[in-house]
Amino acid sequence: MGVKVAKFGGSSVADAIQLAKVKKIIEADPERKYIVVSAPGKRFDGDSKITDLLYLCNTYIEHNVPCDQIYQVIVDRFMAMEMSLGVNVGLEKEFAEIRTKLEAGEGPDYIASRGEYLNAKLTAAYLGLDFVDAAGLVKFNEKGKFMDEETDEALSAELAKHDGAVIPGFYGTMPNGKIKTFTRGGSDITGSIVAKAVDAVIYENWTDVHGFLQADPRIVKNPEPISHISYAELRELSYMGASVLHENAIYPVRGRNIPINIRNTNDPEHPGTMIVSEAKPEDDGRVITGIAGSKDFVVINLHKNLMSSEPGYVRRLLGILEGYGINFEHLPSGIDTVSVVIAKKQLGNNLGDVLDEIDRKLSPDTVEVSHDIALVATVGTGMANRCGTAARLFAALADAKVNIRMIDQGSSEMNIIVGVENKDFETAIRAIYNAFVTEGANK
Ligand code: ASP
């Protein structure tokens, strides 16, 4: 019998009603043994996520403002859940301890992690499973970097002792015992780490949508669902802004070939999206798998005569960015030109200094900066080795009167990325979607 890991996101564990659905899902399949939970999320539009309230509490305390009211909202939500679920996990004592540590300045990671911690305790009691804390098992080094192998070793040894357990997502500990969280949405990563540790046959990620769609439904009306997608395609789409799963949740399971299945807690019969090592385009003959993108990039364009015969020019350019700790996204180049595409938030206030340094160290003939650029990625393994895909894409953008400012295609031929002006972002996505999917040409 295989073992399955099921991770439930914030909206799936938002209150006792949602947890009753979780229980049904778990009871429907005895292979679902290891459960990872987020903190309670929003119960309705306009509601607050527990994690957001916890961060807010911490900010108040850092600014010497009393946070009693917000704290009470958090306490009340958990107390109500404990009562409705008919369990007793000693919440009063837990909250007294959290409050003391909060006042003592334990810091944002500790506070934020308590949403998952308490929720896992409640869920474990409700499902009749063991609670296994992530503290001490999910390991980060002293610089806060996640330690893959050490975690895998500790977690598999511990979980082998439990024939089923609930594990809080989102956090682990550093060597000094201090709590460290992943970035937001990080319970997805915990789920993946647990799936790897128990060598699961599948990692089920239960959320409130039916899986991945071919485009953002806020931009394209009723986009088609994606039934199968490869890890690599997903990585491209999530990196470019498609948000269902944390972009780093793929790595732990990818090495072991464990498929991820995105499922909907509110519609458990729906098969969702299956994320596998190789999505076979011939399954449904599709050319593109999805379109994603994001706004607010800056492009620095450099021109220097005979740049192409000056070894190390681009390396020195990247060295300047590295000096400021700036990551770049793309580096399209011509014979005597090179452009660097950087997210605006990566640049922060450093643009002026970076340009000064480029001027001093690289003596370019001209430097131009384009602001407010959006990137749109069209992704699909089905595009590789197929003629006419790029032509169709560019024709669609031309017909929609979208001016293309940059083009980049990955060497895998699995994506075509175009840079357009922010104002054309939505038009570009709709034009590409229509050209491939709506017009039935995605074959
Ligand atoms: N609760 C955390 C957040 O809201 C982590 C998670 O839900 O995955 O970001």
Side-chain angles (χ1 to χ4, degrees), residues 5-15 18-19 21-22 34-59 70-71 73-75 77-78 81 94 98 102 106-124 131-135 137-138 140 144 146 151 166-173 179-196 203-209 211-212 234 238 241-253 260-266 275:
V5 169
K7 179 258 165 179
F8 291 89
S11 57
S12 303
V13 290
D15 57 17
Q18 289 301 91
L19 276 169
K21 296 181 190 169
V22 168
Y34 298 98
I35 318 301
V36 174
V37 289
S38 283
K42 294 186 183 184
R43 294 159 293 179
F44 44 83
D45 272 356
D47 193 20
S48 298
K49 290 179 170 191
I50 289 287
T51 311
D52 290 332
L53 296 176
L54 288 163
Y55 277 124
L56 198 58
C57 243
N58 186 65
T59 309
I70 302 170
Y71 195 73
V73 173
I74 301 169
V75 174
R77 260 185 85 174
F78 276 108
M81 282 173 81
E94 295 281 2
I98 295 170
L102 187 63
E106 189 72 26
D109 285 26
Y110 166 76
I111 304 309
S113 73
R114 295 305 87 183
E116 271 69 13
Y117 168 81
L118 294 173
N119 208 23
K121 287 218 140 178
L122 285 177
T123 310
F131 165 79
V132 174
D133 198 354
L137 298 174
V138 174
F140 293 85
F146 172 62
T151 298
V166 179
I167 303 119
F170 192 35
Y171 70 92
T173 36
I179 296 280
K180 169 83 191 138
T181 61
F182 290 109
T183 51
R184 295 298 306 265
S187 299
D188 285 340
I189 307 176
T190 311
S192 186
I193 293 166
V194 171
K196 177 180 174 186
Y203 166 29
E204 294 179 339
N205 187 291
W206 292 83
T207 172
D208 54 7
V209 291
F212 276 86
L234 181 78
S238 335
S243 60
V244 173
L245 189 73
H246 193 293
E247 54 170 302
N248 291 337
I250 297 168
Y251 296 114
V253 288
I260 308 175
N261 189 196
I262 309 285
R263 300 284 290 268
N264 190 345
T265 303
N266 304 318
I275 305 162

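Whatever order the structure lists ligands and atoms in, that order sets their numbers, starting from 1.
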A.B. asks: Centres of the Tyr117 and Phe170 rings: under 6.0 Å?
C.D. replies: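 That pair fails the under 6.0 Å test.
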A.B. asks: Please determine whether a side-chain nitrogen of the Lys or Arg among Lys121 and Asp133 lies less than 4.0 Å from a carboxylate oxygen of the Asp or Glu.
C.D. replies: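 No salt bridge links Lys121 with Asp133.
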A.B. asks: Using the ring of each side chain (for Trp, its six-membered ring), is Phe146 parallel, tilted or perpendicular to Phe140, with breaks at 30° and 60°?
C.D. replies: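 Aromatic pair Phe146/Phe140 classed perpendicular.
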A.B. asks: When you compare the side chain of His246 with that of Ser187, does any pair of heavy atoms fall below 4.5 Å?
C.D. replies: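 Contact flag for Ser187/His246 side chains = no.
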A.B. asks: List the protein residues in contact with ligand 1, where contact means a heavy-atom separation under 4.0 angstrom.
C.D. replies: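 Residues near ligand 1: Ser38, Thr51, Glu116, Phe170, Arg184, Gly185, Gly186, Ser187.
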A.B. asks: Counting distance only, does the side-chain N/O of Asn266 pair as donor-acceptor with the main-chain N or O of Asp208 below 3.5 Å?
C.D. replies: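 It does not hold such a pair.
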A.B. asks: List the residues meeting side-chain contact (heavy atoms from CB on, under 4.5 Å) with Ala39, not counting sequence neighbours, and say none if there are none.
C.D. replies: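 Residues passing side-chain contact (heavy atoms from CB on, under 4.5 Å) with Ala39: Ile50, Thr51, Glu116.
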